[in-house]
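Here is the structure we will look at.
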Protein chains: 2
Amino acid sequence: MIKPDAPIHPTTERDESAIVGKRKVTARDQSLEGAPYVITTRDIAERLGVSVSTVGRALADDPRISEETKFRVRQAASEMGYVGNRAARMMRGASSNVVALVIPDIRNSFYSTIAHELSKNMEAEGFQLMLSETDDDRMVELRHLRELSANRVAGVIIVPTARPHADSVKLLRTVPHLQLLRRHPSLGSQWFGVDDHEALRQATAHLVTLGHTRIAYLGGPEELPTGAERLRGFRSALREGGLPDDAGYTELGPPSSVEHGRDAVRRLLQGRDAPTALVLGSIQLTLGVLEELSEQGVKVPGELSVVGFGDEPGFSWWGPGLTTIGLPIQEMATGCALWLMRRLKTKPSNDGPYTSVSPGSLILRGSTAPPGGRAPSRSD
Amino acid sequence: MIKPDAPIHPTTERDESAIVGKRKVTARDQSLEGAPYVITTRDIAERLGVSVSTVGRALADDPRISEETKFRVRQAASEMGYVGNRAARMMRGASSNVVALVIPDIRNSFYSTIAHELSKNMEAEGFQLMLSETDDDRMVELRHLRELSANRVAGVIIVPTARPHADSVKLLRTVPHLQLLRRHPSLGSQWFGVDDHEALRQATAHLVTLGHTRIAYLGGPEELPTGAERLRGFRSALREGGLPDDAGYTELGPPSSVEHGRDAVRRLLQGRDAPTALVLGSIQLTLGVLEELSEQGVKVPGELSVVGFGDEPGFSWWGPGLTTIGLPIQEMATGCALWLMRRLKTKPSNDGPYTSVSPGSLILRGSTAPPGGRAPSRSD
DNA sequence: GCAGTTGGTGCTAACGTTAGCACGGAGTAA
DNA sequence: TTACTCCGTGCTAACGTTAGCACCAACTGC
């Protein structure tokens with residue numbers, strides 16, 4: 001598959017070939033005995049005594065080629081283990097069949113679900129998936145986009161960092177792309193996301209309705225579009241519930257850090273006037289919080305009501321069952337895949353703005369109750 | 001990034017260019033107004049009035065080019081947004097910078113951790129990661145390998161299906177590759193894996209030591225190398241404990257199916273003489289089992305002792321804490337990455353067999369105790 | 001029997017990049 | 001002055017594939 005770096009023999013020397021067994025052996029072959037030698041259309045052509053064009057056309061099932069020739073070519077190609085070289089095809093103007101997914105961290109099951117759905121949908125269309133992790137670092141993001149660009153990927157699905165580098169913006173302008181979850185205005189107006197504001201408004205409203213007044217929020221930084229929206233949703237619910245905006249004990253920080261979740265919840269519970277309820281704004285933070293609460297033996301919902309973010313395996317069996325914000329990950333990922341596949345198959349005319357907002361949904365389990373009290377009879 | 005399929009203008013027409021503003025505009029450009037036009041070394045050369053060779057060499061930092069020219073070329077390249085075309089470079093004999101990871105399912109956190117570690121280690125070396133999911137289907141696996149082969153990936157890390165297709169074997173022969181976890185003899189002797197036999201032997205021995213005699217095993221099919229090894233390990237421990245081999249209530253089935261885990265444990269617990277202990281042989285099966293046991297309200301370890309497989313977030317807070325088989329995923333992934341990077345950077349001479357076996361480790365928590373009894377005082 | 005059509009194939013150029021060779025000018029030694 | 005070296009650059013071919021055009025033989029219709 002990789003080209004062995006053997007001395008290059010000019011074409012003219014190819015004529016000094018000899019028949020050994022069934023296969024023409026050229027000077028190049030002799031110098032590579034045993035080493036994996038990549039078969040080209042020319043090898044097939046030489047063996048069958050036809051031209052490269054004929055081989056190419058036979059493999060492309062061109063109607064001008066006779067059935068008999070096609071058969072012989074296919075036979076030979078199969079025997080010799082011919083695999084077309086997409087790099088060469090791309091040079092003739094064909095586009096690549098690779099779509100890149102640029103995300104912060106594949107270990108976040110949110111993103112791995114997306115990767116899976118994309119991969120599944122794209123495989124059916126003959127596309128391959130390139131995976132690039134940014135770790136929420138704009139320079140890493142830039143480096144990846146440069147590589148993707150050099151590899152001429154056909155499309156990009158990206159969960160952008162907070163403030164993408166100017167060069168990243170430039171690079172993305174040259175390739176069909178789609179923002180996922182987070183939306184940065186400079187990266188265009190094709191976006192698939194969640195109604196973060198509404199999701200957090202509902203989650204918080206649920207706690208307000210239960211009678212909580214000291215409600216904490218732990219989420220990603222305002223710098224991130226998702227972080228800002230979720231915080232806004234949280235505050236909206238407080239306001240609607242007649243609570244002061246700044247009644248919130250808000251802790252913002254790296255959204256992908258389980259550790260930060262543990263630290264933050266420890267801090268929140270230490271002070272006097274500790275909150276009686278907690279809303280979370282990221283999956284990883286939720287994981288950290290759950291671990292910490294388990295270890296500290298905090299009584300949920302007795303001492304603290306908790307609403308998580310996302311619905312991971314384990315959330316349902318955590319303590320009394322975690323009330324949480326469910327996200328339509330699968331639907332979103334499928335939507336992205338279909339949009340991009342259609343976009344890549346049709347002419348780039350339909351490049352207008354596109355926005356798809358999926359709603360979150362509150363999943364009621366046992367981790368929320370009136371402050372200090374028992375869980376009310378549940379309706380679900 | 002993709003080449004717009006506009007009418008192709010022969011080179012000769014390029015001479016009929018005119019200076020518009022600072023940039024030469026050729027016939028090709030005019031036909032593409034607004035559309036993203038990919039910059040080549042030739043565009044830079046024309047703009048600066050030098051040859052393509054000079055541009056190429058300047059960008060490659062060739063010592064023969066004067067510093068002044070290099071500066072001008074780099075300046076122009078940057079301004080015009082030039083991004084080298086790796087497809088063209090590959091045609092000149094360069095290898096690609098893409099390594100493929102072929103796994104059953106990225107949603108399995110085992111594999112997503114591996115993908116993450118690989119990606120991180122490879123990014124530093126300038127490699128990109130291609131992700132291919134097989135869903136444990138050999139035909140899907142084959143289709144992916146064909147595509148990867150056409151794209152001339154530099155290397156492959158694969159968790160093979162039970163019985164890879166003969167063509168898959170052929171394809172893998174032409175590319176440096178590495179088997180991960182599962183090992184199929186036809187795919188060569190480079191392998192990174194876990195000591196499955198020993199891991200399951202220890203886990204089962206732990207239950208035998210506690211006094212259990214009716215121990216069930218739930219794992220992947222014997223067809224898979226890992227499935228076979230784990231089952232062997234389980235049986236070894238039974239034998240060593242003086243229990244008959246077939247004392248095991250063994251349930252084998254699709255290892256990636258959470259649903260199967262739920263169904264299987266339901267069946268195991270229904271019969272008379274239900275087992276008093278259960279050992280698991282896959283992460284996904286463990287997830288299913290934990291969900292089912294939680295829902296049915298089975299008392300652990302009172303009614304049933306459980307040893308899980310892997311250590312997912314959530315395993316520590318499940319019920320009394322899950323005793324489980326911890327796997328050195330990170331170390332293995334890093335090992336794979338380093339091995340492959342070194343393999344790709346050096347000549348293909350060092351292609352000898354290589355095997356790395358990592359040990360699993362039993363993590364003791366609260367889900368195991370003597371049959372019917374309370375957990376003994378824990379030593380950890 | 002001859003012009004015209006059709007079916008099957010070959011030749012050639014082109015894609016973007018790179019490496020080998022050639023070339024011209026400036027500088028240096030005899 | 002002549003011969004030589006060295007520096008910087010240009011020309012050209014090649015990588016594997018595909019598309020346009022040309023070509024030849026066999027057939028068709030008159």
Side-chain angles (χ1 to χ4, degrees), chain A residues 1-14 28 37-46 48-73 77 82-96 149-152, chain B residues 1-14 28 37-46 48-70 72-73 77 82-96 150-152:
Chain A
M1 243 170 232
I2 55 166
K3 183 92 202 190
D5 39 7
I8 293 159
H9 297 259
T11 320
T12 50
E13 285 191 33
R14 275 199 153 246
R28 179 155 65 144
Y37 165 59
V38 185
I39 303 294
T40 71
T41 45
R42 189 159 96 191
D43 295 308
I44 302 177
E46 282 177 359
L48 296 181
V50 296
S51 72
V52 226
S53 321
T54 302
V55 174
R57 282 194 275 256
L59 293 172
D61 204 20
D62 189 305
R64 286 176 298 179
I65 301 294
S66 70
E67 282 307 320
E68 193 227 334
T69 308
K70 280 185 192 172
F71 177 78
R72 291 201 310 142
V73 169
Y82 170 78
V83 178
N85 184 339
R86 181 159 278 113
R89 207 172 291 164
M90 278 171 68
M91 290 206 50
R92 291 282 312 162
S95 73
S96 85
S149 190
N151 281 324
R152 299 293 192 271
Chain B
M1 247 171 234
I2 54 166
K3 182 92 206 192
D5 41 6
I8 295 162
H9 297 259
T11 321
T12 49
E13 284 190 34
R14 275 201 152 246
R28 180 156 66 145
Y37 166 59
V38 184
I39 303 295
T40 71
T41 45
R42 187 158 99 192
D43 295 308
I44 302 178
E46 282 177 359
L48 297 181
V50 296
S51 73
V52 231
S53 321
T54 302
V55 173
R57 282 195 275 255
L59 292 173
D61 204 19
D62 189 304
R64 287 176 298 180
I65 300 295
S66 70
E67 282 306 319
E68 194 228 331
T69 308
K70 280 184 190 170
R72 291 202 310 144
V73 169
Y82 170 79
V83 178
N85 185 340
R86 179 159 279 112
R89 207 171 292 166
M90 279 172 68
M91 290 207 49
R92 292 280 313 163
S95 74
S96 85
N151 282 323
R152 298 294 191 272

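In the text below, chain A, chain B and the rest are named by the order of the sequence lines, each starting its count at 1.
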Using a cut-off of less than 4.0 Å, is there contact between a side-chain N or O of A:Thr69 and OP1 or OP2 of C:dT9?
yes
Between A:Val73 and the options A:Thr41, A:Ile65, A:Leu48, the side-chain contact (heavy atoms from CB on, under 4.5 Å) test singles out A:Leu48
Write down the atom of A:Asp61, the atom of A:Lys70, and the distance for their closest heavy-atom approach.
OD1-NZ, 2.9 Å
Can you check the B:Ile44 CD1 to C:dG16 P distance for me, whole Å?
12 Å
To the nearest Å, how far apart are B:Leu48 CG and D:dG10 P?
10 Å
OP1, OP2 of C:dG7 versus side-chain N and O of A:Ser66: anything below 4.0 Å?
no
Check the pair A:Val55, A:Tyr82 against side-chain contact (heavy atoms from CB on, under 4.5 Å), reporting the backbone distance first and the verdict last.
CA-CA 11 Å; A:Val55 174; A:Tyr82 170 78; over 6 Å; no
Within this structure, what is the CD-to-P distance between B:Glu67 and D:dT9, rounded to whole angstrom?
11 Å
Can you measure B:Tyr82 atom OH to C:dG16 atom P for me and round it to whole angstrom units?
10 Å
Write out a two-atom table: protein N or O, nucleotide N or O from nucleotides 23-26 of chain C, distance below 3.5 Å.
none

Atom CD1 of A:Ile39 to atom P of D:dT17: distance rounded to whole Å?
11 Å
One should read off an interatomic distance between A:Arg42 CZ and A:Thr40 OG1, to the nearest 0.5 angstrom, of 6.5 Å
Hey, is the main chain of B:Arg152 close enough, under 3.5 Å, to the side chain of B:Ser96 for a donor-acceptor pair?
yes
Value rounded to 0.5 Å, distance of CG in B:Asn151 from CE in A:Met90
8.0 Å
Where along residues 54-63 of chain B does a heavy atom come under 4.0 Å from DNA chain D, residue by residue in number order?
B:Thr54, B:Arg57
A:Glu46 CD to C:dG10 P, straight-line distance once rounded to whole Å
13 Å
Quick one: is C:dT17 close enough that its OP1 or OP2 comes under 4.0 Å of any side-chain N or O from B:Thr41?
yes
Quick one: which of D:dT9, C:dG10, C:dT9 gets closest to the side chain of A:Ile65?
C:dT9
Rounded distance in Å - CD (B:Glu68) to P (D:dC7)
18 Å
Please confirm whether the shortest side-chain N or O distance from A:Ser51 to OP1 or OP2 of C:dG10 is below 4.0 Å.
yes
How large an angle, rounded to 10°, do the end axes of the helix from C:dG1-D:dC30 to C:dA30-D:dT1 enclose when each is built from five base pairs?
50°
Please determine if a side-chain N or O atom of B:Arg89 lies less than 4.0 Å away from the OP1 or OP2 oxygen of C:dG16.
no
Report yes if a donor N or O on one partner sits less than 3.5 Å from an acceptor N or O on the other, where the partners are the side chain of A:Arg92 and the base of D:dA19; otherwise report no.
no
Interatomic distance, B:Thr54 atom OG1 to B:Ile44 atom CD1 [nearest 0.5 angstrom]
12.0 Å
Could you measure the distance from the CZ atom of B:Arg57 to the OG1 atom of B:Thr69? Nearest 0.5 Å is fine.
11.5 Å
Interatomic distance, B:Ser51 atom OG to B:Glu46 atom CD [nearest 0.5 angstrom]:
11.5 Å
Identify, between B:Arg64 and B:Ala88, the residue whose nearest nucleotide on DNA chain C lies closer to the 5' end.
B:Ala88
Could you state the CZ-C1' distance from A:Arg86 to C:dC15, rounded to the nearest angstrom?
16 Å
